[in-house]
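This report refers to the structure that appears directly beneath it.
Sequence lines set the chain letters: A, B, ... in the order given, protein chains first and strands last, and positions in each chain run from 1. Computed from a predicted structure; not experimentally measured. All values below were derived from every heavy atom in this structure, side-chain atoms included, with hydrogens, water molecules and symmetry-related copies excluded.
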2 protein chains.
Amino acid sequence: MCTTAEENYLKAIFKLSYEQKNGVTTSSLAEHLATKASSVTDMVQKLADKELVNYIKYQGVTLTPKGEKIAIQLIRKHRLWELFLFQNLGFKWDEIHEIAEELEHIKSDLLVERLDQFLNYPLKDPHGDPIPDQEGNFPKNNSIPLSRLNTGTKGIVVGVNDKSSSFLIYLVKIGIQLGTEIEILEWHEFDHSVDVRINALTLIHLSYQSAQNILMSEKST
Amino acid sequence: MCTTAEENYLKAIFKLSYEQKNGVTTSSLAEHLATKASSVTDMVQKLADKELVNYIKYQGVTLTPKGEKIAIQLIRKHRLWELFLFQNLGFKWDEIHEIAEELEHIKSDLLVERLDQFLNYPLKDPHGDPIPDQEGNFPKNNSIPLSRLNTGTKGIVVGVNDKSSSFLIYLVKIGIQLGTEIEILEWHEFDHSVDVRINALTLIHLSYQSAQNILMSEKST
DNA sequence: TAATATATTTAGACACATCTAAATATATAT
DNA sequence: ATATATATTTAGATGTGTCTAAATATATTA
Ligand SMILES: [Mn+2]
Ligand SMILES: [Mn+2]
Ligand SMILES: [Mn+2]
Ligand SMILES: [Mn+2]
């Protein structure tokens, strides 16, 4: 069994290992978990003792299969709870992450399966992120950042990279949520910002950072 | 804010203060929480520093209004979660307590209110226990232990005192759950056990301990 | 390659929650 | 009332998870 702190470390290592292919660094973990590098070293050594991570001093850390399994189950629980909060309890897009951050640590395999069943075995959470199944398989999602769409193309918003409240609230304010149709009107070379049309109606301007964090369906038109 | 450990102590003090009117004793708390008397003393002193309990050495402990409010909110959360697990996720009578013991510590007032709304503002949990409202008021429940019913009277099972898995599983096995009608047939003087008829059909024998732990509606016939 | 900057680990400390063993207070019995 | 038993508190220790400051390794730059 893992403590809540250990679980949060495993989840963080899993997330960061997509950006850092040869070992997650101590400092990036410290930043992600809002803690100190020395605390990370301590914990990572403990996780290595438990054979949940591979760790060589100064070389960063990767998950063992055992550690990865736990991380994926946590993501599964997190996203199922988020969907429950969103769909059944009427929480907003930007209110669910923090609560799910606590709920994901409730220890009961049966609870997760029943929740999955109650929600009708969903494939995506309210942010458009894929929900892994019992075995840890992620459903395919072939989305690309809005920043990679060409002028003139249209697409549907299917997710976001940045799940911070501030970004999500901003998106709602400018009229963007899951399912919104967006047409690329014009890219601006100098700052990579873009003018778009929302739902064939409203014209708005998106910064490059926003464009990178909005995920669109690949339209094979 | 309280830690999970502090919250569990407050809840335990609240429960035990019905049996011990002038201060909950250190040893009874230790027993209830499956810990040592010395640990209880430590924690109780900390809770006194936080002004959540009144504590005088060797005199036992009582809740302050502030401490009582927290305890009642915990009971509210615990019972709402139990009902959710029972009604919506299909858990059995005896499976819900342990999971709710974890869920009750999730920190979000909005979550509790939304859950209450989702469950349609219920008055009782799956064990027949009253669910306090937002202000901490318990709905009246005028139940009496089966052990106090006279020969010939009938009643409906509306709750249980003992919520242990073993007792609940036993009740299900002998055909007793919430809503079951029980008729008192004959009391046995020597061991205070009783013969009863269940749902106007099955005859069974109950020990005095069982009779004390089954709560019946007061029938004003 | 040597000097400097940055990243990481180690050492030592602290708060929390628990324990065992010893000291002390309260209750009970002679 | 004194002795004995029981309940409670204190003292000292442990494990977890965190921190700051110091030591050491790796990366960068001259
Ligand atoms: Mn978490
Ligand atoms: Mn999400
Ligand atoms: Mn609890
Ligand atoms: Mn209950």
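- Atom CG of B:D42 is separated from atom C1' of C:dT20 by 13 Å (rounded to the nearest Å).
- We find that NZ of B:K57 is positioned 12 Å from C1' of C:dA23, with the value rounded to whole Å.
- Following rounding to the nearest Å, B:L29 (CG) and C:dT18 (P) show an atom-to-atom distance of 12 Å.
- Rounded to whole angstrom, the span from the CG atom of A:L47 across to the P atom of C:dT9 amounts to 13 Å.
- Side-chain proximity of B:K36 to the nucleotides D:dT9, C:dT20, C:dA7 is greatest for C:dT20.
- Note on A:E82 versus A:K163: no salt bridge recorded, every NZ/NE/NH1/NH2 to OD/OE distance being 4.0 Å or above.
- The distance from atom CG of A:D49 to atom P of D:dG15 is 14 Å, rounded to the nearest whole Å.
- Atoms CD (A:Q45) and C1' (C:dT8) sit 11 Å apart, rounded to a whole Å.
- Of the candidates C:dT18, D:dC19, D:dT18, the closest approach to any side-chain atom of A:T35 belongs to D:dC19.
- Listed pair B:S27 / D:dT6 fails the phosphate criterion, with no side-chain N or O lying under 4.0 Å from OP1 or OP2.
- OP1 or OP2 of C:dT9 has at least one side-chain nitrogen or oxygen of A:Y55 nearer than 4.0 Å.
- Look at B:E113 and B:R76 and you find a salt bridge, because one of the NZ, NE, NH1 or NH2 atoms lies within 4.0 Å of a carboxylate O, short of that distance.
- Salt-bridge annotation for B:E6 and B:K50: present, with a side-chain N of the basic residue lying under 4.0 Å from a carboxylate O of the acidic one.
- For the pair A:Q59 CD and D:dA25 P, the interatomic distance rounds to 13 Å; values are reported in whole Å.
- Atom P of nucleotide D:dC19 and atom CG of A:L33 are separated by 10 Å, given to the nearest angstrom.
- Distances shorter than 4.0 Å separate none of the side-chain N or O atoms of A:S38 from OP1 or OP2 on D:dT18.
- When ring centroids are compared, A:F84 and B:F84 come within the 6.0 Å threshold.
- Distances shown here put every side-chain N or O of B:S39 at or beyond 4.0 Å from the OP1 or OP2 atom of C:dT18.
- Side chain B:T26 to base D:dT9: no donor-acceptor pair is found below 3.5 Å.
- With no hydrogens or angles considered, a side-chain donor-acceptor pair links B:S210 and B:S207 at under 3.5 Å.
- Between A:E6 and A:Y58, the one whose closest nucleotide on DNA chain D sits nearer the 5' end is A:E6.
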